[in-house]
2 protein chains.
Amino acid sequence: MTTELSRDTAPEEDWLRLDRQICFSLHAASRAFNGVYRVLLKELGLTYPQYLVMLVLWEHGETPVKKLGEHLRLDSGTLSPLLKRLEAAGLVRRERSTRDERSVQVALTDEGAALRERAVLVPRRIMSATGFSLEEIRDLHIRLDRLTTALDTAALEETPGRR
Amino acid sequence: MTTELSRDTAPEEDWLRLDRQICFSLHAASRAFNGVYRVLLKELGLTYPQYLVMLVLWEHGETPVKKLGEHLRLDSGTLSPLLKRLEAAGLVRRERSTRDERSVQVALTDEGAALRERAVLVPRRIMSATGFSLEEIRDLHIRLDRLTTALDTAALEETPGRR
DNA sequence: CGCCATTTGATTGTGCACAACTGAATTGTG
DNA sequence: CACAATTCAGTTGTGCACAATCAAATGGCG
């Protein structure tokens, strides 16, 4: 429990400031990314989470909603309305599986598949917007994944009997 | 413009996969953080963004809405309802400035100020949840801020006549 | 077969993020 | 003073995140 903290002049008070900077940086970076994607994706008619769904479909093809949720770590409360909007935009089709009537398959329409041609330009524009090198991005990516894994397991331990 | 990429075997196609991992990692890490805060802050009756607002108020005392927005990079569309909920919870007071009737001052109630006593425990529990050392957190913090700055200026350049 | 636990998607409700707009108050300029 | 531009909070509308709940379908078991 009691980790060492003797150094770093932390009289309990300053922790509130330090903390703000840590969690807040991530929060801000996430929204900043979101902002850049918003601009780049507007011309494709996609939001950022919709773009993530399309990425999965472009990579894996027809996918049940359940699998989409696992890939993106999103539940049906987020995915259901999002997928309906993508369907309304004519980019995907949703149809119940004939084998398991509980499952809904999400597939690309021709229009959705064609959109990939235009989306392929996005990643590099994002890359250059970050000003980071490939090395740095890879490194950051590894750290963030490690962070996410640690936070997820910690959250599970904090909430024993949930989910 | 054309950064070097000759190496790394990237035939345009793979960029969509690589890209998903970069933006997605940040997205996921942000939500993972949110999840841990959600658990820890539940007993304080705060959401994560509400906690951020309280941090600013604990640090700076009475603050106009405008300043809160600058500190947190949030606009009034987000802050107005959030502050009303904090007011309904009895943690803050909102009152129009007498000098400038356009400005609304947000101040802590006694209850809001007292909550700080219990909140002071949160940062360390978050720290330990990350499994990161102080060094690592500081390093990550610096990288994220650099990323945010770069993304913000890039977004501004992409949308010339906005904001 | 009948019954029950599990799986799966959908729905509802709360809260945040942000764009666009409104309206009041203030400030600048002639 | 009159009038235009600016500043500031609030409101509205769209979309995402997630908890809680529901209903239908499936599969196992007696």
Side-chain angles (χ1 to χ4, degrees), chain A residues 24 27-39 41-42 45-53 63-70 72-89 94-106 152 155 159 161-163, chain B residues 24 27-39 41-42 45-53 63-70 72-89 94-106 152 155 159 161-163:
Chain A
F24 179 65
H27 202 66
S30 176
R31 281 183 295 144
F33 244 126
N34 210 309
V36 176
Y37 274 107
R38 191 196 316 280
V39 173
L41 293 175
K42 184 186 289 181
L46 293 175
T47 67
Y48 175 55
Q50 287 168 6
Y51 172 70
L52 293 179
V53 168
T63 307
V65 175
K66 170 76 171 173
K67 275 286 178 193
L68 279 176
E70 287 171 6
L72 302 173
R73 309 176 63 82
L74 294 174
D75 69 2
S76 61
T78 300
L79 284 176
S80 283
L82 188 157
L83 291 171
K84 283 183 182 178
R85 283 186 283 271
L86 284 180
E87 187 178 40
R94 295 184 309 137
E95 41 199 27
R96 292 210 170 264
S97 163
T98 50
R99 298 191 308 105
D100 187 340
E101 291 271 333
R102 294 168 304 178
S103 174
V104 170
Q105 293 288 325
V106 181
D152 278 349
T159 13
R162 188 154 307 198
R163 283 177 201 269
Chain B
F24 180 67
H27 201 65
S30 177
R31 281 183 294 146
F33 244 125
N34 210 312
V36 177
Y37 273 106
R38 190 195 317 280
V39 173
L41 293 176
K42 184 184 289 181
L46 294 175
T47 67
Y48 174 55
Q50 287 169 8
Y51 171 70
L52 293 178
V53 169
T63 307
V65 175
K66 171 78 171 172
K67 276 285 179 192
L68 280 176
E70 288 171 4
L72 302 172
R73 308 175 66 82
L74 294 174
D75 69 2
S76 61
T78 300
L79 284 176
S80 284
L82 188 157
L83 291 171
K84 282 186 181 175
R85 283 185 285 271
L86 284 179
E87 187 178 42
R94 294 183 310 138
E95 41 199 26
R96 292 208 170 266
S97 164
T98 50
R99 299 190 307 106
D100 187 339
E101 293 269 335
R102 294 168 305 178
S103 175
V104 170
Q105 293 287 325
V106 181
D152 278 349
T159 14
R162 188 157 308 196
R163 283 180 202 266

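What you see below is based on every heavy atom in this structure, not just the backbone, and it leaves out hydrogens, waters and symmetry mates. These figures come from a predicted structure and were not determined experimentally.
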Which part of the nucleic acid does [X] contact within heavy-atom distance under 4.0 Å: base, sugar-phosphate only, or nothing?
| X | answer |
| --- | --- |
| A/L82 | sugar-phosphate |
| A/L79 | nothing |
| B/D100 | sugar-phosphate |

In this structure, how many angstroms lie between the [atom2] atom of [N] and the [atom1] atom of [X], rounded?
| X | N | atom1 | atom2 | answer |
| --- | --- | --- | --- | --- |
| B/F33 | D/dA17 | CZ | P | 18 Å |
| A/L52 | D/dG15 | CG | P | 17 Å |
| A/R38 | C/dC18 | CZ | C1' | 6 Å |
| B/R99 | D/dT7 | CZ | C1' | 14 Å |
| B/L74 | C/dA19 | CG | P | 12 Å |
| A/D152 | D/dC18 | CG | P | 10 Å |
| A/Y37 | D/dG15 | OH | C1' | 18 Å |
| B/E101 | D/dG10 | CD | C1' | 15 Å |

A/D75 vs B/Q105, nearer the 5' end of DNA chain D by closest nucleotide: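 Mapping each residue to its closest nucleotide by heavy atoms, the 5'-most match is B/Q105.
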side-chain N/O A/R31 vs C/dC18 OP1/OP2, d < 4.0 Å: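 Answer yes for this pair, as a side-chain N or O of A/R31 is under 4.0 Å from OP1 or OP2.
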From C/dA17, D/dG10, D/dG15, nucleotide with atom closest to B/V104 side chain: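 It is D/dG10.
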Closest listed nucleotide, where the reference is the side chain of B/H27 and the choices are C/dA10, C/dG9, D/dA17: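 In terms of side-chain proximity for B/H27, the closest of C/dA10, C/dG9, D/dA17 is D/dA17.
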With rounding to the nearest 0.5 angstrom, report the [atom1] to [atom2] distance, [X] to [Y].
| X | Y | atom1 | atom2 | answer |
| --- | --- | --- | --- | --- |
| A/L52 | A/L74 | CG | CG | 8.0 Å |
| B/Q50 | B/L83 | CD | CG | 9.0 Å |
| A/L72 | A/T78 | CG | OG1 | 10.0 Å |

Donor/acceptor link under 3.5 angstrom from B/R102 side chain onto base of D/dT7: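 Under the 3.5 Å cut-off, the side chain and the base do form a donor-acceptor pair.
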For the backbone of [Y] and the side chain of [X], can you confirm whether one donor and one acceptor N or O come within less than 3.5 Å of each other?
| X | Y | result |
| --- | --- | --- |
| A/R31 | B/R73 | yes |
| A/R96 | A/R102 | yes |
| B/N34 | B/Y37 | no |

Pairing of B/E87 and B/K84 as salt bridge, 4.0 angstrom limit: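 No salt bridge links B/E87 with B/K84.
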Tabulated below should be each protein N or O lying under 3.5 Å from an N or O of nucleotides 11-14 of chain D; please produce it.
{"residue": "D/dT11", "atom": "OP2", "partner": "B/K84", "partner atom": "NZ", "Å": "2.6"}

